[in-house]
Amino acid sequence: MLIKRDERRSRKVASITQAASAGLDRRTFLRRSGVGGLTTLGALSLGALRKADAGPPPPAGAEVAIRKSICTHCSVGCTVLAEVANEVWIGQEPAWDSPINRGSFCAKGAAVRELVSGERRLKYPMKIVDGQWMRISWNQAITEIGDKLLDIRQKSGPDAAYWLGSAKMTNEGAYLLRKFAALWGSNNVDHQARICHSTTVTGVANTWGYGAMTNSYNDIRNSKTILIWGGNPARAHPVSLQHILEGAELNRANLIVVDPRLTRTAAHASEYVRLRPGTDIPVFYGMMWHILQNGWEDKEFIAQRVYGFDDVRREIEKWAPQEVERVSGVPGEQLKRVAQMFATQKPATLIWCMGVTQHSVGTANVRAAAIALLLTGNVGGTGMGANIFRGHDNVQGATDCGLDVTSLPFYYGLTEAAWRHWARVWQVDYGWLQSRFDSKQNMETPGLPISRWFDAVLLPKAQVDQKDNVRALWVTGFGSNAIGRIPEAMKGMARLDLLVVVDPHPTTWASLSVEAGRKNGTYLLPACTQFESSGSRVASNRSIQWGERIVPPLFEAKDDYQIIYLMAKKFGFADVLFKNIPVEGDRPVPEDILREINRGGWSTGYTGQSPERIKLHMANQKDFDLVTLRATDGPCKGDYYGLPWPCWGKPALKHPGSPNLYDTSRHVMDGGGTFRARFGVQYGGVNLLAEGSYSRGSEIKDGYPEFTYAVLKKLGWDGELTSEELVTIQTIGGANTDTVSWSTDLSGGIVRVALRHGCVPYGNAKARMNAFGLPDPIPVHREPINTPRPELVSQYSTYPDAKQFRLPNIGFSLQKAAVDKGLSRAFPLVFTTGRIVEFEGSGEETRSNKWLAELQQEMFAEINPADAAARGIEDGAWIWVSGPNAKAKVKALVTGRVAKGVVWMPYHFGGWFDGKDLRANYPAGTDPIVLGESANTLTTYGYDPATGMQEPKTTLCQVSAA
Amino acid sequence: MARMKFLCDADRCIECNACVTACKNENEVPWGINRRRVVTINDGKPGERSVSMACMHCTDAPCAAVCPVNCFYTTDDGVVLHNKDLCIGCGYCFYACPFGAPQYPRVGAFGSRGKMDKCTFCAGGPEPNNSEIEYEKYGANRLAQGKLPMCAEVCSTKALLAGDGDVVEDIYGTRVKARGYGSGAWGWQTAYGEDVST
């Protein structure tokens, strides 16, 4: 039968192949293949090549439109080009023009079209009645939910309702929900940042001013040393690896990965450092110890731009190689090598993720990372910086826009001055705002962190510092399985009076709450995806991108703006909420929400990014350079892509955005900056302002405080204010005009005048190695609450018990009890968590996507071959992973990726509990394709005192064959 | 005339599976059929590498050599395609293929092998270009539109290259020279009887 046939070429294929060959010129091909260095091809038009008819052929006669949005998964911000015929999304095409992804995607981005085909979506509003899900109308849903909330508000005060927002919302949606909560009268409004990078935001903002990634994914192409710490971007941010790997190749850069697991990212590293989970600070200090020993620190940088070096030096000196190795397991010789590269082969960048942030010492971990950058002068310039990879597609924007229990939008905080600022922007009477809250004190006190919502439900009323316990939970785009201590959370679910889930999917709130025994009072409202709405989102590098609506909302879904509008109308304050925001039908116009953001977001430089400017960037992506992100041609020439904040002044000022924060080598009007003067001008008699360092072109050749009207007067620059600006300043200031500052001056005059003199409106200060005011001003090592090394606890105990965020934090007592009980003998393995590439976040959406679900059909735990052998466990076998409070049944993945003594689980699974499949708990037809045990069933108590961050990266477990 | 080839740069591949889902999305490939997959070697050990694999569109394709019904043909671009109207689902090509590319849907009450399905290099099949019937049987025909296979076009790290063999080789060679290492063009010797010259 082995006949070789030679008529194979006889078919009618000539026309196909001719078209193919003719259509692909070499330059096009090279560009698409991502060859580095071919920047001349940046502006190449693909013209005729981009015919809009790939994918399923559109129906005859249908016009195919190309619509542009942003991937709704991670924070890289990949552009999605959708082909739409008859309002049906029929295909995706590579978005070659985006300087961020240049056509690329990961598994999730390449599969986003399926999110909108929707077979497993929540299709209409539902409620549970005596344990049965039933369909209801929007009208009925809004009426019943609203009535219940008003009843709770009346009996228990506004704080008894919790407004949980989402990193999946646009800037406009996030801002609107924060404003909505303010008008409702509560600071109990939060989102995913609490449990992902809240510690980063608090840690770095307290070091040098802003809580964000300093540079960009693209800028990593300039690095000579890339240090990735507690992050696995090959899983979590795959397209970032395009910049990292290509940059490393072209520069022959060092790529170092520090992680408990030999991850897919580590597989590409030139150096891999394995540490015990929870020992980041000793390893950071161990690295710095070598730097100081060898005099590799950047002395000039420290002298000019750093405060508190001597205080930190004393702590570093405690971490000699022997002690570092004893605590963390990392050998001194290796750390010396890493230290040498990081400090001397510059520019070096430090990238970190959840491995650093998700700890009860998360803020201190972040601070140690920032200190390492300051010590080596690796922040504030090209190719360096704290490249903190945020998680969700708009987690940076949602944080900026104030879905945060500690602040109003744009980090203004909760002081009376902050409230008065936003009252002016909103044109709302301050007295009325205050009347909405239980008290003025309560209005100015941070709310309850979402990581502990169930503690706020379950703890005795007297232990919760507000009028009553939380009784109602409104959840937007947030899976419950992302939050630790699931068994306790289920008790909280059972106790709530009202649970409202606003999401394209029912999520684990539905399946777990039914399991917890909840038979009434749960509502599911179908929100659409961002592909069915429009608005702006912020990539990790602070670039703002506008997403167009690709198709109208499916089924009965509504977008976030509509849902917030309907609730506001029900509560009777829609007129106040939308005073300056036009509403079309029941849909507030997102462009006008952004304009209001522009009018109020002075503190963070969210003022220059008008919808018109952002849309112009989206339309002219091809003009932006791959490495600098700057437009070299076209109508955006000179701008940085997405006008990364701070983008100073009003849109008309045409500030180009700031590609790299704190970069003194550029003029402030060219995106340059200094460390922010946020903590006063001196502390304990020591100067906090920069010395002899200033951004290029600054007329003040030294440090200076933040700009106020008084500072302008002192400098003699107040005369440059226009009369209109002056009137606004006087109106705002009243009797205290001098105190009106760059961040509260709604005229923008103070900012404008400062910029005119080359000065940064927020001042020019030193970064703080000693961050006085934080629980640990100098980071110190503290063992996890449940540590496998109890003998270290007496020397390195956790924080003392205290009250934070309206709740008691009893980590110290629990750590002591765990040591006394010998917990680590019963549970000898370290339990840690992370991501896989196919799923995202709590995973309900991605596990409902057939193209992704097929690739990961079972929940698993990674276990080292030695630990597996000792327990008689084979690869692929069912196992029980047990923690002190719960157990989970998963498949074993026996691999050397984890060290002996470490068990790792991905955290995207849900829909199982205690070995039981909960598929029947979802409304029919809405169950995700793949279900599995949630890793957070096994995570335990532990909360960062500065942020309320949970502790999903270090606890203890035991494993046995199932 | 171009000679189309795939090359996966294992030093770039991070097993993100974009190529897999992009293929599913572009060609509406059903659950259970995988025209492309990513294989990881030395998983979890130092030296771990991943490679994205699909039909390599071999020179002198072994599948075609063993096909009893002569359903394979090679286009002038060197793309190996097949005719599903002729295919009898016998499975010979699966045994002949060095890359495990052919896939078979389970059909009928006894789950017997249906007509073979595999990567088409996004070049459709023998039906008229970009017709509904071509799409239904073979998926997209991007080549006829002057586009390259979706898997390579969306590759997150530009590890997977597709296109004219000479150009692909040139890109890979330039890359290896710039970075100073390369683990070779996996599968080229088997598929094309030659190694990539760098």
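Quick note on labels: first sequence line is chain A, next is B, and so on, each numbered from 1.
Residues Ala10(B) and His268(A) approach most closely at O-CE1, 3.7 Å, considering heavy atoms. Trp851(A) and Val29(B) get closest at one heavy-atom pair: NE1-O, 4.3 Å. A pairwise comparison of heavy atoms in Gly32(B) and Glu854(A) identifies N-OE2, 2.7 Å as the closest pair. When every heavy atom of Ser50(B) is checked against every heavy atom of Arg264(A), the shortest pair comes out as OG-NE, 4.2 Å. Nearest heavy-atom pair, Ala18(B) versus Ala110(A), reported as atom, atom and distance to 0.1 Å: O-CB, 3.8 Å.
Proximity to chain B is limited to the side chain of Arg235(A), based on heavy atoms less than 4.5 angstrom apart. Proximity to chain B (any heavy atom under 4.5 Å) is restricted, for Leu855(A), to the side chain, taken from C-beta onward. Interface residue Thr40(B): only side-chain heavy atoms are found under 4.5 Å from chain A. Contacts between Arg49(B) and chain A at a heavy-atom distance below 4.5 Å involve the side chain alone, from C-beta outward. For Glu838(A), the part lying under 4.5 angstrom from a heavy atom of chain B is the side chain only. For Asn34(B), the part lying near chain A is the side chain, with the backbone staying farther off; criterion is any non-hydrogen pair under 4.5 Å. Residue Cys13(B) touches chain A through its backbone alone, counting heavy-atom pairs closer than 4.5 Å.
The pair Arg179(B)-Glu246(A) does not count as a salt bridge, with every side-chain nitrogen at least 4.0 angstrom from each carboxylate oxygen. Residues Glu153(B) and Arg102(A) are not paired through a salt bridge, judged by the lack of any N-O separation under 4.0 Å between the basic side chain and the carboxylate. Under a 4.0 Å N-O distance rule, the pair Lys177(B)/Glu249(A) does not qualify as a salt bridge. In summary, Lys24(B) and Glu114(A) do not engage in a salt bridge, as defined by a charged side-chain N under 4.0 Å from a carboxylate O.
Taking chain B as the reference chain and counting heavy-atom pairs below 4.5 Å, the highest number among Gly109(A), Ala248(A), Ala111(A) is found for Ala111(A). Across Asn27(B), Val154(B), Asp43(B), the residue that shares the most heavy-atom pairs under 4.5 angstrom with chain A is Val154(B). Highest contact tally toward chain B, considering only Cys78(A), Pro238(A), Ala853(A), is held by Pro238(A) [criterion: heavy-atom pairs under 4.5 Å]. Contact count versus chain B (heavy atoms, under 4.5 Å) is highest, among Thr895(A), Ile836(A), Ile244(A), Leu245(A), for Leu245(A). For the options Leu852(A), Asn251(A), Val837(A), heavy-atom pairs under 4.5 Å to chain B are most numerous at Val837(A).
Separation of atoms OG (Ser117(A)) and CD (Glu28(B)) is listed at 7.5 Å; rounding is to 0.5 Å. With rounding to the nearest 0.5 angstrom, the CD atom of Gln856(A) is 8.0 Å from the CG atom of Asn17(B).
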task: Tell me, with the steps shown, if Gln242(A) and Arg12(B) meet side chain to side chain contact (heavy atoms under 4.5 Å, CB included).
output: CA-CA 8 Å; Gln242(A) 181 179 137; Arg12(B) 281 273 186 95; 5.8 Å; no
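For the pair Glu26(B)/Gln92(A), no side-chain contact is recorded, criterion being any heavy-atom separation below 4.5 Å from C-beta on. Looking at Thr265(A) and Ile14(B), their side chains never come closer than 4.5 Å, going by heavy atoms from C-beta outward. Side chains of Lys45(B) and Leu262(A) form no contact here, defined as non-hydrogen atoms less than 4.5 Å apart. Side-chain contact between Ile929(A) and Trp31(B) is present, with heavy atoms from C-beta onward closer than 4.5 Å.
Applying the salt bridge (charged side-chain N to carboxylate O under 4.0 Å, His left out) criterion to Lys115(B), with sequence neighbours excluded, gives no partner residue. Taking Lys5(B) as the reference, Glu194(B) meet the salt bridge (charged side-chain N to carboxylate O under 4.0 Å, His left out) condition, with sequence neighbours excluded.
Remark: of the listed residues Cys155(B), Cys16(B), Ser156(B), Ser156(B) is the sole one forming a side-chain contact (heavy atoms from CB on, under 4.5 Å) with Val239(A).
Few gaps surround CD on Gln857(A); more than 12 heavy atoms of other groups in view lie less than 6.0 Å from it. Around the CD atom of Glu136(B), the shell of radius 6.0 Å holds no more than 12 heavy atoms that belong to other residues, nucleotides or ligands. Annotation for Trp186(B): atom CH2 does not count as buried by contact number, only 12 or fewer foreign heavy atoms lying within 6.0 Å.
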